[in-house]
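All heavy atoms count here, side chains included; hydrogens, waters and symmetry mates do not. In what follows, chains are A, B, ... by sequence order, proteins preceding strands, each numbered from 1.
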Amino acid sequence: MLAESLALSAVLFSIGAIGVLTRRNAIVIFMCVELMLNAVNLTFVALSKVYGMAGQVFVIFVMTVAAAEAAVGLAIIIAIFRHKQTVNLENINLLKG
Amino acid sequence: MPNFFYQVNFYLFGLIAIGSAIAFVTRRSPVAAALWLVNTMFCLAVLYVMLEAQFIGVIQVLVYAGAIMVVFLFVVMLLNLGEPSEIADIRGKWGKLVAALLGIVLLAQVAALSGKRMPEPFIPGTGYDAQAVRDLGAVGSVAQPLFNEYLLAFELTSILLLVAIVGAVVIGRRRQIDAR
Amino acid sequence: MLLQEATRGVHPLSGSIAEWVWLIPLLPFLGFLINGWLSITSAAHVGPKDPSAAGHDAAGHGDDHGHDSGGGAHGDDHHPVVRHKYAGLVSIVGPAVLLLSFGLTLAIFMAMLGVSREAPFVRTLFSWIPAGDLHVDAALQVDPLSMVMTLVVTGVGTLIHLFSVGYMQDDPGYPRYFAYLNLFVSFMLVLVLGASYPVLFVGWEGVGLCSYLLIGFWFTDKANADAGKKAFIVNRIGDFGFLVAMFLMFANFGALDFLGVSAAAPGAGFNSPLVTTICLFLFLGCAGKSAQIPLYVWLPDAMAGPTPVSALIHAATMVTAGVYLIARSAFLFSLAPVAQLTVAFVGGLTALFAATIGLKQWDIKKVLAYSTVSQLGYMFVGVGVGAYTAGVFHLVTHAFFKALLFLGSGSVIFAMHRAYHATHNHDDAQDMRNMGGLRRYMPVTFILMWIATLAIAGIPVFAGFFSKDEILGAVFARAHESTLAQVSWLGIPGSALLFIIYAMGLTAALLTAIYMTRMMLYTFHGPNRSGEKEQSHLAEAPWVMTGPLVVLGVLSLFGGWLNLPALLPVGPIGVLDHWLEPVVGTATNAVTGGAAEVAHGTEWALIGAAVAIAVAGILIAIVRLKPERLVPKAQAPEEHGIERVLLNKYYVDELYDRVVVRPTVWISRNVLATGVDEGIIDKLLVTWVGTGIPRLFGWFGSRLQSGQVGTYAWVLLIGVIAVLGAFTLR
């Protein structure tokens, strides 16, 4: 089942990546990133069977980071929406120097 | 080898997870997409439990599906984005094609890499985690390393959360300049 | 490393006071910090505002113009003497730190007396360079050789520091002077105590720096600053050799600490090209630091520094570092007879060559400078023929009598300068033609200087006699039976070459006696030529200056007792031989093949010849030279023929100028500056490449910065795929 778990993780990760590339809605892209994080978590859990409990501890850390990221990221999205009335990334180029 | 029932369940929830994920990236409505993602996460929680990471499975449901995704839905509703937006949310035909291609290449590479050095076969009830669960219980097995070896990292994540809370409040706050 | 650990674990000195050996160099360094701080904080108040006022008007600074500059060019002499406001504190701190170091050295020396000294005691402080295979510890080594050197450096150093208090305390740069002097001693102690070549090299470079700083101490005079630069640059040539030798050692032996190299060196084989190359490169370093042909030219110019500096750095300690290095590397040199013969031959040649120049110098310090070069040549003859103890013995006795000579000359210059200052005379205070008859005015200095002169000339009972005789005796003995006699050097059989070196040594001894007597006659005997008015101002220096002179005089008298030859019926025989045996015994035996020294009859004959030559030299000088007929510098006639050649030091400086300096300057100016720098670097690289490529990249990069997160995500993923692809395809 380990091989299957890892394969599933790879598939989910790839789907998440495709989502990041194809979607333009900032919130959806965010959710795709969450999916990618979940895929990585599955790898950690699966491999903790072989390499020890550290994998599961790391899952906890990943979740914490994901929570923090969601909080800050969504706050940013709200701020941008207030400013531009859109969450479409095509219309947002604040990163341009 | 694990028994037949275990295998069937594993494949079943794995396939549901993949299906939900595909549905998640293809739905135009953000709310529908979010609900499909919640479904994927439930499936993953089931798989965690089957992989003898019961505590992680519970956390997955509570934190991910229960808290993080709810925040996402809140934001979607708060910004009134529930309807599929008029502007194209999803890239055009070429965008999808190239993205799919890239995804497949990524998948192939991951498969090729993982196929190179796969650890020993998996048997339920064996391995480090199963042993740890037997010794310390589902929660204790995670708590033991978390509060010993990784105590410093654990404390640092608490600071990270604190910073995130403060940051979210500061960024999300309605400013004077917006009110004007 | 393992060897070090092993010796540390069981060494009888571990846990004793020798553990505190690191304090020995640290104490002078603290002195440097204190004096340097005083110098910096007070710089704004008493710094050299006006070059003439700062450099020339303090009564005590000794007017050290190079001889060539003619000794004129004084500023207004009516300034009152203003002592530095921290002079009192500096006078205490400067010598005190050295005295403490000397005390600690003595304590460690005492501790060593009672225990077995077979293995060196290595005190590892910390890991200094851990880089792959190269592992160098900051470690100090306590063994008989380093102890002898440390005792000389701290002991003679303390005396010279005390002398400096009298000599320099009216100089406006007094704290700076003591800061440099303390720093020098600190580095010198690192040099002699270091347990590996790199640590030694730190000290080696550090003393070079301090030498530069102190030669150019009165830097407002361009000649002094140039002399400092010359010393520094000439020394770089030698340091190149030292560095290459270290690289070769590390590449072939895998170690750089003395214990490691000495353990690995025999594996390279006797007389192998590798060891010979390493030794020759080491000797290049020694030739630079210890002023041997062809790199000796800096030392006479170094006399531009204050006279105590000449005594400490350019006579007693730093310039002997090369001799120390060869004695320290005895295990290498005894494997390379060809290199040893080179060392001995260059040493002998230098001894003879410098002595001839010394015959005709008028500047009292220049005479002593060439005498130092010559005596260093003797030491190299000693260590070159594998008589390491004899070389170190001469190093020690030379430190005594040459420090005495320099300090004595400093005292003379001090008196002369004070007299000239009082009468506003602008003549050269260092030229012997302006002196004469000083014995009436400075009796203490006069007697002590004669003791040192007899010591350096090699008159029996005095220190120099025993050490010089031991070196010459060793050369004679090696010519008969040793590994050196069996190899050939550039086609000359080793034994023949050793006889040539012996003859050169004897000739140099004759010349030494002549020029030293000449110096004494012209300085202290005959009528006084300084002028009527000046005579009334000539007087002995204060006790703080004569005190160290007396101590050094006693040492010059009895220093020979350190290592009396076996054929004497009285006294302790071969103390230094016995003391240094653990360090250089094996190497010496490897050279002699364990053969006995020459028979007693022959030895008496050799001693007789040496004494006869020394006495003959003194008599020749007394008979031939008439101080009564000498005229002051201002009225001196033009020199002709060989005398002129000698006065101009064989025109070696001019030769180096034509052959090395001018072509280098020409190439730098016309090829490197206009062609390479302005043409290639400025035009091609800076103007075209330097502005063109950034613009290209800037245009391209600004296209990439769309600000679209989606685009960035694409680029990111393509990057991930590329990296993973690299892993997959591997």
**Study point:** Which atoms of B:F154 approach chain A - backbone, side chain, both or neither, heavy atom under 4.5 Å
**Key:** both

Exercise for review: Using a 4.5 Å cut-off on heavy atoms from C-beta on, say whether the side chain of A:L74 contacts that of B:F74.
Suggested key: no

Review point. Side chain, backbone, both or neither: which part of B:I18 has a heavy atom under 4.5 Å from chain A?
Key: both

Study note, to complete from the structure: Residue from A:S48, A:A70, A:A17 scoring the most non-hydrogen pairs under 4.5 Å with chain B is A:S48

Review point. With side chains defined as the heavy atoms from C-beta onward, is the minimum distance between A:T22 and B:T26 less than 4.5 Å?
Key: no

Practice item. Among B:T157, B:I56, B:L160, single out the residue with the greatest number of heavy-atom pairs under 4.5 Å to chain A. Key: B:I56

Check your understanding: Side chain, backbone, both or neither: which part of A:V11 has a heavy atom under 4.5 Å from chain B?
Key -> both

Check your understanding: So A:L37 and B:Y64, side-chain contact (heavy atoms from CB on, under 4.5 Å) or not? Walk me through it.
Key -> CA-CA 11 Å; A:L37 286 174; B:Y64 256 124; 3.7 Å; yes

Exercise for review: Report the distance from atom CE of A:M31 to atom CH2 of B:W36, rounding to the nearest 0.5 Å.
Suggested key: 14.0 Å

Check your understanding: Can you say whether B:L37 sits under 4.5 Å from chain A via the side chain, the backbone, both, or neither, judging by heavy atoms?
Key -> side chain

Practice item. Please state whether the side chain, the backbone, both or neither of A:V65 comes within less than 4.5 Å of a heavy atom of chain B. Key: both

Point to revise | Residue pair A:I77, B:L79: steps toward the side-chain contact (heavy atoms from CB on, under 4.5 Å) verdict | key: CA-CA 10 Å; A:I77 288 174; B:L79 302 184; 4.2 Å; yes

Practice item. Could you tell me which portion of B:L44 (side chain, backbone, both or neither) has an atom closer than 4.5 angstrom to a non-hydrogen atom of chain A? Key: side chain

Exercise for review: Answer with side chain, backbone, both or neither: which region of A:I76 has an atom nearer than 4.5 Å to a non-hydrogen atom of chain B?
Suggested key: both

Check your understanding: Do A:N38 and B:Q60 have a side chain donor and acceptor closer than 3.5 Å?
Key -> yes

Check your understanding: Near A:F30 CZ, under 6.0 Å, is it more than 12 heavy atoms from other residues, nucleotides or ligands?
Key -> yes

Study note, to complete from the structure: Within residues 143-152 of chain B, contacts to chain A at heavy-atom distances under 4.5 Å involve B:P145, B:L146, B:Y150

Point to revise | Side chains of A:L8 and B:L47 in contact at under 4.5 Å (non-hydrogen atoms) | key: yes

Practice item. Go through the atoms of B:L156 and report whether side chain, backbone, both or neither lie under 4.5 Å from a heavy atom of chain A. Key: neither

Practice item. May I ask you to name which of B:A67, B:S141, B:A33 has the most heavy-atom pairs under 4.5 Å with chain A? Key: B:S141

Review point. What residue in A:S5, A:S9, A:G55, A:G73 has the most heavy-atom pairs under 4.5 Å with chain B?
Key: A:S5

Check your understanding: Would you call A:T64 and B:V63 a side-chain contact if the rule is heavy atoms closer than 4.5 Å?
Key -> no

Exercise for review: Taking the side chain as every heavy atom from C-beta outward, state whether A:S14 and B:I104 have any pair of such atoms under 4.5 Å apart.
Suggested key: no

Revision key, fill the gap. Bottom line for A:F13: the part with an atom under 4.5 Å from chain B's heavy atoms is side chain

Point to revise | B:P30 vs A:N25 side-chain heavy atoms within contact, under 4.5 Å | key: yes

Check your understanding: Given the options A:E34, A:Q85, A:E69, which has more heavy-atom pairs under 4.5 Å with chain B than any of the others?
Key -> A:E34

**Study point:** Minimum side-chain heavy-atom gap B:F10-A:E4 below 4.5 Å
**Key:** yes

